[in-house]
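See structure below.
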Amino acid sequence: MRLVLVGPPGAGKGTQAEFVATQLSVPKISTGDIFRANVTGGTELGIEAKRYMDAGDLVPDEVTINMVRDRLGEADAADGFLLDGFPRTVPQAQALDKLLADMGTGLDLVLELVVDDDEVIRRLSGRRTCRGCGKIWHVEFDQPQVEDVCDRCGSELYQRDDDKPDTVANRLRVYARDTAPLIGFYGKAGKLVGLDATGPVEDVTARAMAILSSYEA
Ligand code: AMP
């Protein structure tokens, strides 16, 4: 299956993407994770991306699209993938359609994680990310056994700069302006399915899997 997850920052895309990709046995491709790995590695791409990420702005389309083109060309993505955080603009969505058409394929479904603004702010401000494996925790909803230490790999947890209050406000503005138009874009294409992303993580995953299995059937 070739899937895209869209939704505002804090809707739980990263968390759901992990579960759903595992259940479907497809790679989860997160542009945010790839950018963060490049920032950590101090690559040229990372240095460029960091300027935008720290402000809560989008990395320019051209840079992002080239990066995704390379990633989708890797062997593990040949039979399916789950994209998390890409596309984030209509030009990125158009580029993705073209890229997949050139590969002789196309998207199956776009899942829109639906959650209101107040909930998004609560989720983002409590979110903590593992420096080692990237797993996402939450100070209120999903605490590790030892504060600020990842249960999965033992590394330290931190608050991403872009989860700090001023940047969160900007990310929500950027979402409304640049990313929300994707809802109409994919709706018109007949690919969009809404997913209620409120409530416990496992419930959201179960709802996602129910949608996907009815699609496959
Ligand atoms: P995320 O982890 O998906 O919230 O992404 C973190 C940051 O990486 C975003 O706020 C952007 O600065 C950048 N980023 C991730 N994906 C994209 C994308 N598709 N287009 C532009 N910038 C992106």
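The first residue of the sequence shown is numbered 1, and numbering continues consecutively from there. Order of listing sets the numbers, starting from 1, for every ligand and every atom in it.
Considering only non-hydrogen protein atoms, atom 1 (P) of ligand 1 sits nearest to R88 NH2, 3.4 Å. Remark: minimum distance from atom 23 (C) of ligand 1 to any protein heavy atom is reached at F35 CE1, 3.7 Å. T31 OG1, 2.7 Å is the protein heavy atom nearest to atom 16 (N) of ligand 1. Taking atom 11 (C) of ligand 1 as the reference point, the nearest protein heavy-atom neighbour is D57 O, 3.5 Å. Closest to atom 19 (N) of ligand 1 among all protein heavy atoms lies G85 O, 2.8 Å. Here the heavy atom of the protein found nearest to atom 20 (N) of ligand 1 is Q92 NE2, 2.9 Å. For atom 22 (N) of ligand 1, the closest non-hydrogen atom on the protein side is V59 N, 3.0 Å.
Ion pairing between a basic and an acidic side chain is recognised when a charged N comes within 4.0 Å of a carboxylate O; D163 and R171 show such pairing. Ion pair D203/R207 not flagged as a salt bridge, since none of the NZ, NE, NH1 or NH2 atoms sits closer than 4.0 Å to an Asp/Glu carboxylate oxygen.
For R171, every heavy-atom contact with ligand 1 shorter than 4.0 Å involves the side chain, none the backbone. The part of T64 lying near ligand 1 is the side chain, judged by heavy-atom distances below 4.0 Å. Residue V174 does not touch ligand 1, judged by heavy-atom distances below 4.0 Å. Residue-level proximity to ligand 1 for R51 is absent, since no heavy atom of it falls below 4.0 angstrom.
In terms of modelled atom types and a separation under 3.5 Å, the side chain of Q16 and the main chain of V201 share a donor-acceptor contact.
Under a cut-off of 6.0 angstrom, the local environment of CZ in F19 is sparse, with at most 12 non-hydrogen atoms contributed by other residues, nucleotides or ligands. Residue E202 places its CD atom among more than 12 non-hydrogen atoms of other residues, nucleotides or ligands, all under 6.0 Å distant.
When side chains are defined from C-beta on, T22 does not count as touching K28, because their heavy atoms never get closer than 4.5 Å. Using a 4.5 Å heavy-atom threshold, the side chains of M53 and R36 count as touching. Using a 4.5 Å heavy-atom threshold, the side chains of R71 and P27 count as touching.
Ligand 1 places these atoms under 4.0 Å from at least one heavy atom of R160: 1 (P), 2 (O), 4 (O), 6 (C).
Ligand 1 lies out of reach of K13, whose nearest heavy atom is not under 4.0 Å from it.
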Output a table of donor-acceptor pairs, distance under 3.5 Å, between side-chain atoms of residues 135-143 and any protein atom two or more places apart or on a different chain; print 'none' if there are none.
residue : atom : partner : partner atom : Å
H138    : ND1  : E140    : N            : 2.9
H138    : ND1  : F141    : N            : 3.2
H138    : NE2  : R122    : O            : 3.4
H138    : NE2  : R123    : O            : 3.0
E140    : OE2  : R122    : NH2          : 3.3
Q143    : NE2  : V139    : O            : 2.8

